[in-house]
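Input: a single structure, listed below in structure tokens.
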Amino acid sequence: MRRFSTQRSQRSPRKPIKVFSAIFAFSVLIIVSAISVSTQTLKFESSRAWEHLRQMVAIGPRPAGSPAIEQTRKYIKDELAKIGLKAAEQAWDDETPLGKVHMVNLIVTIPGASKDRLAVTGHYDTKLFREFRFVGASDGGSSAAFLIEFARVLKSRRNRLTVDLVFLDGEEAVIEWRGKDNTYGSRHYVETAKRDGTLSTLKAMILVDMIGDRDLGMRKDSNSTPWLADIIWGQAAKMKLDRAFLPALTTVEDDHLPFLAAGIPSVDIIDLDYEAWHTPRDTLDAVSARSLQVVGDVLLASLPQIEARALTH
Ligand SMILES: [Zn+2]
């Protein structure tokens, strides 16, 4: 603006050009501010995710079938409703080594240009421990908190794929991780999608789990679909965030396995080197908003490549 007023004093006789450049400068200003507004709304805000995490940890231990997980569901649904999103309940009773447990996946659908879908998932239950109080700040809290904030961001994004955000119940073993005593929610989601014929529109799945670790370091999981993991880890490297998205490999069993078994390209974003894992120390002290921010930034920046690839396959 300042440069324009200097021009005016120097070239007073050339009025039409002056008017034209004024309009041009004004339009540029409008476009630039429009772009900055849209990037602003597309920012993953870890301060919001942190508040969700704090509120859910404050509920206490949240194992599948408990009154506390019912309260957690209410919290998630209320927070989504505040941003104009409705979570559908996918409820069932599952057989566990401790008998029948009532479980509920929460599904939020954000329409995209295509009917083909991307699922972004994470569990919101915490593992049942009778011998100590386990509040799962990273293990269960971080994924659920992340998904609420990610939903807010995706709602204002122009999505090429329809996105299903799925809050999975029953990821944790009721007793011990073996046989079918784990991943109840993801297995139920995939089985239901197979039965109702919606699995064919599901083109990719991104799972987040235990992403709150203060000292975030996530190795690439060898069970995950290579192209999907490569896009995300490659994007992180471009953003110089490879201290969090480590290039080294590991092998993880998690909620992505039922999706992979059904032929859906899937990736698990998880920090397994978490010192507080399944201990009374998985509290707010062990996690940080910064870690949620890193995952939010990398995933958001990876979406265009994931959408492009998913739509050509
Ligand atoms: Zn766990």
Side-chain angles (χ1 to χ4, degrees), residues 49 52-54 56-66 68-69 71-73 75-76 94 96-98 101 103-106 120-148 166-189 205-219 221 223-224 244 250-260 266-288 291-292 295:
H52 299 316
L53 192 155
R54 214 180 58 76
M56 287 186 277
V57 165
I59 293 171
R62 310 175 294 287
S66 66
I69 201 169
Q71 201 185 329
T72 309
R73 268 196 292 281
Y75 176 79
I76 295 170
D94 218 321
T96 79
L98 293 179
V101 174
M103 301 196 192
V104 183
N105 292 332
L106 292 176
V120 185
T121 72
H123 76 96
Y124 73 101
D125 62 309
T126 59
K127 181 157 169 57
L128 172 70
F129 287 101
R130 299 194 196 280
E131 54 280 33
F132 58 86
R133 185 179 150 85
F134 180 74
V135 296
S138 192
D139 197 0
S142 66
S143 38
F146 178 89
L147 289 179
I148 302 172
V166 189
F167 297 78
L168 296 165
D169 200 347
E171 184 265 348
E172 299 289 1
V174 164
I175 294 181
E176 197 183 336
W177 188 288
R178 63 169 176 220
K180 286 196 157 186
D181 188 13
N182 53 59
T183 61
Y184 293 93
S186 50
R187 286 189 287 115
H188 184 79
Y189 178 88
M205 194 286 290
I206 300 169
L207 169 67
V208 291
D209 192 6
M210 297 207 287
I211 51 170
D213 187 354
R214 235 172 216 291
D215 179 24
L216 192 65
M218 300 172 297
R219 283 176 286 161
D221 158 49
N223 281 329
S224 294
T250 184
T251 303
V252 187
E253 285 182 26
D254 204 350
D255 275 321
H256 59 325
L257 296 189
F259 289 86
L260 285 165
S266 304
V267 63
D268 191 6
I269 298 172
I270 182 169
D271 187 343
L272 275 179
D273 307 312
Y274 183 47
E275 188 266 330
W277 180 67
H278 287 188
T279 74
R281 298 187 305 280
D282 186 1
T283 60
L284 290 183
D285 291 338
V287 295
S288 82
S291 300
L292 301 174
V295 177

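Since the structure is predicted, the reported quantities are computational estimates derived from the model, not experimental observations. Every number for a ligand or one of its atoms is a count from 1 in the order of the listing.
Not one N, O or S atom of Glu171 sits under 2.8 Å from the Zn ion (ligand 1).
The structure places OG1 of Thr121 at 4.0 Å from CG of Leu207, a figure rounded to the nearest 0.5 Å. Residue Asp282 holds its CG atom at 9.5 Å from CZ of Phe132, rounded to the nearest 0.5 Å.
Considering just the N/O/S atoms of Asp139, the one nearest the Zn ion (ligand 1) carries the name OD2. When distances from the Zn ion (ligand 1) to the N, O or S atoms of His278 are compared, NE2 comes out shortest. Of all the N, O or S atoms in Glu172, the one closest to the Zn ion (ligand 1) is OE2.
Annotation: side chain to side chain contact (heavy atoms under 4.5 Å, CB included) contacts of Glu275 (sequence neighbours excluded): Arg281. Every side chain to side chain contact (heavy atoms under 4.5 Å, CB included) that Pro61 has, sequence neighbours left out, goes to Pro63, Arg133, Val135.
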